[in-house]
Structure formats: C-alpha cells, structure tokens
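Below is one structure; the comments refer to it alone.
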2 protein chains.
Amino acid sequence: MGLAKTEIFTDAQNEVAYYAKAFGHPARVAILQYLFKINACVCGDIVNEIGLAQPTISQHLKELKHLGLIKGNVEGTSVCYCIDLEKWATMKNSMERFLNMDLARKDCC
Amino acid sequence: MGLAKTEIFTDAQNEVAYYAKAFGHPARVAILQYLFKINACVCGDIVNEIGLAQPTISQHLKELKHLGLIKGNVEGTSVCYCIDLEKWATMKNSMERFLNMDLARKDCC
DNA sequence: TCCATTTATCGTAATATCACAATAAAACAA
DNA sequence: TTGTTTTATTGTGATATTACGATAAATGGA
C-alpha cells in the first residue's frame, strides 16, 4: 500500500517517525548541516553546495519547511533559508527521548 | 527516480540518512521500544503487541536486522529478537552528532 | 515595458515502500 | 510420518519518493 497505518501508533511514535523520515535522505541531512554551518542565512547557493538540480533542492527545502525545521525569508528575487532553532529543539527532544531508551537497560539474550 | 544519489554525499551524511530511514516508520519505532521494554528477549508476540499482520512485522524485523540494530536467536520453532546494544550505541553516536549541530550556533535571520 | 535572475511548480519516469494473502520452510510433538 | 506451530518468503496492489526538464511566477533593473 505504501501507506503507513499511523492510527495504530502513539503520537510519540508517529512523531519520531515523522522527523526521522525527513532525515532519511542525505540531501536533507546535507542541507541542514549547510544551514547550520553558514551561520548567516543562506539562499539558493544550496543548489551549488549540494550536487542536485534546482527543482530537486527546492522540493527537499519544501519538505523541511513543511516540517517547520527551516524558515524561508523572501529577499528580492531570492529566498533566504535558515534553521528554526526553536523547532529544532522540539524535534531534538522528541528524537533524544527515543534514542535514550538504552539508558536504564541491561544486557539481553 | 525514487533512488537517492548517495555518491555525492559524505559517509557521515549517508549514515545518518540510513539509520533515520529505519526510524521513519512508526512500526519500527514501536518494535524497538517494545524490545527495550521487554527486557528479556521477545519473539513473535511483537505481532500481537503491534496491530499489523505477521508478514508485515516480519518485513520490518528484517529491515532492523539488516541494519544490525536487532538480533534474532532461533529457539525451537520460534525466534527470539533482541536489541544489539553495541550497534545501538554506534547508531546513537552517529545520530547525536547530527542532532547536536545546534550547540555552538547563534541565532539567525 | 522588456529582460534577466531566482525560486517554485508541474509533469513524469524510475524506483522504493507498505501491507497483506498465500504459501513455504523449519522445528517439534504425537 | 503426519500434523501443529511459528516465522520467512513470494507475489502483488496501492501509494510514496526521488530526480529533473520544462515552465511558470515573482522581483528588480535597464
């Protein structure tokens, strides 16, 4: 079906999956890293930085924007993207709660 | 194309994407949480715990096993799955390095 | 106004993912 | 051996993802 049965999972589980899915493509990982590196907000030279076509980058940016992890400010003919640090913190919280499951666990099998 | 251009990204970027992709489905998140919760290793009552058909669970388990995050021990007719804590730590390291990009960053835009 | 620049959107081809019914395979019990 | 239980595999339909050429839309400058 290509369609996950989100109804049967908890909000927390769906949230982890939701964010993780966004990081499930190296281009989006690279875009986020680049936006963090270039402290000042940067626009479409992301296309030059990453080796993908402009429509492809635009598509990835749209997904990240939809998640709320980045914001885009229109500046003349170009758009300046940057990380939404508040949202990043929220996401990080959710992901870390998941990743830290191992603390408090003993060995197995 | 439905095919990511992994060649143009760094190993670290691809690794984050690789793990994140696995967490990109709530069923796999739920399976891992369940395996952590049931400290003793657990077999196919994962199917009962999660509300998905047996072949579907088997498929998700296969992916997690392929990643190395879980191990399966055959015990008679059933298979006992458990978290591979060592691999989990490796994965966590990779993910946290990515998630902690924000430390050391100022505000933007 | 007309053109150049930049980004977004559309359309589409190739591939991947998700879910499950049907069935096979493996192991044990009677 | 025959049946039972448990898990894996196969096959398939529905949908999602990735990538990009072509084009539209927006803005500023000549």
Side-chain angles (χ1 to χ4, degrees), chain A residues 1-9 13-14 16-31 34-35 41-67 70-82 109, chain B residues 1-9 13-14 16-31 34-35 41-67 70-82 109:
Chain A
M1 291 172 176
L3 177 67
K5 281 192 164 179
T6 52
E7 333 85 60
I8 67 173
F9 301 103
Q13 287 165 342
N14 281 315
V16 169
Y18 182 66
Y19 287 124
K21 207 170 172 183
F23 304 144
H25 194 292
R28 290 189 292 265
V29 170
I31 288 171
Y34 186 64
L35 287 180
C41 312
V42 169
C43 23
D45 37 25
I46 298 173
V47 175
N48 296 323
E49 176 68 15
I50 320 241
L52 291 172
Q54 180 268 321
T56 308
I57 295 294
S58 197
Q59 200 172 275
H60 285 305
L61 287 171
K62 194 180 175 184
E63 286 182 64
L64 291 172
K65 202 173 163 187
H66 186 250
L67 272 175
I70 66 174
K71 308 184 264 194
N73 287 39
V74 180
E75 283 181 9
T77 75
S78 54
V79 178
C80 177
Y81 283 100
C82 66
C109 289
Chain B
M1 291 173 175
L3 177 66
K5 281 193 163 179
T6 52
E7 334 85 60
I8 66 174
F9 301 103
Q13 287 166 343
N14 281 316
V16 168
Y18 182 67
Y19 288 125
K21 208 169 170 183
F23 303 145
H25 193 293
R28 290 189 292 267
V29 170
I31 288 171
Y34 186 65
L35 287 180
C41 313
V42 170
C43 22
D45 37 26
I46 298 173
V47 175
N48 296 323
E49 176 68 14
I50 320 244
L52 291 172
Q54 180 267 322
T56 308
I57 295 294
S58 197
Q59 198 172 275
H60 285 306
L61 287 171
K62 194 179 175 183
E63 286 181 64
L64 291 172
K65 200 173 163 187
H66 186 249
L67 272 174
I70 66 174
K71 308 184 265 195
N73 287 39
V74 180
E75 284 181 8
T77 75
S78 55
V79 178
C80 178
Y81 282 102
C82 65
C109 287

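Residue numbers start from 1 in every chain, and the chains themselves are labelled A, B, ... in the order their sequence lines are given, proteins ahead of strands.
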- Query: Between the side-chain atoms of B:Gln54 and the base atoms of D:dA8, is any donor-acceptor pair under 3.5 Å?
  - Reply: yes

- Message: Please determine whether a side-chain nitrogen or oxygen atom of B:Ser78 lies at a distance below 4.0 Å from atom OP1 or OP2 of D:dT6.
- Response: no

- Message: Taking 4.0 Å as the cut-off, does a side-chain nitrogen or oxygen of A:His60 come that near to OP1 or OP2 on D:dT17?
- Response: no

- A:Thr77 side-chain proximity, nearest of C:dA8, D:dT27, C:dC20: D:dT27

- When we call it a touch if two heavy atoms are under 4.0 Å apart, what does A:Leu52 touch: a base, just sugar-phosphate, or nothing? sugar-phosphate

- Query: How many Å lie between CG on A:Asn73 and C1' on D:dT27, as a whole number?
  - Reply: 16 Å

- Given D:dA19, D:dT9, C:dC20, the nucleotide with the shortest approach to the side chain of A:His25: D:dA19

- Query: So, for A:Ile50 and B:Phe9, which heavy atoms are closest and what is the spacing to 0.1 Å?
  - Reply: CG2-CE2, 3.6 Å

- Query: Base, sugar-phosphate, or nothing: which does B:Glu63 touch, judged by heavy atoms less than 4.0 Å apart?
  - Reply: sugar-phosphate

- Between B:Tyr81 and D:dT6, does any side-chain N or O lie under 4.0 Å from OP1 or OP2? no

- Upstream residue (5' side of DNA chain C) when A:Thr6 and A:Pro55 are each assigned their closest nucleotide: A:Pro55

- Task: Indicate whether OP1 or OP2 belonging to D:dA8 is found under 4.0 Å from a side-chain N or O atom of B:Lys65.
- Result: no

- Do any side-chain nitrogens or oxygens of B:Lys21 fall under 4.0 Å of OP1 or OP2 in C:dT17? yes

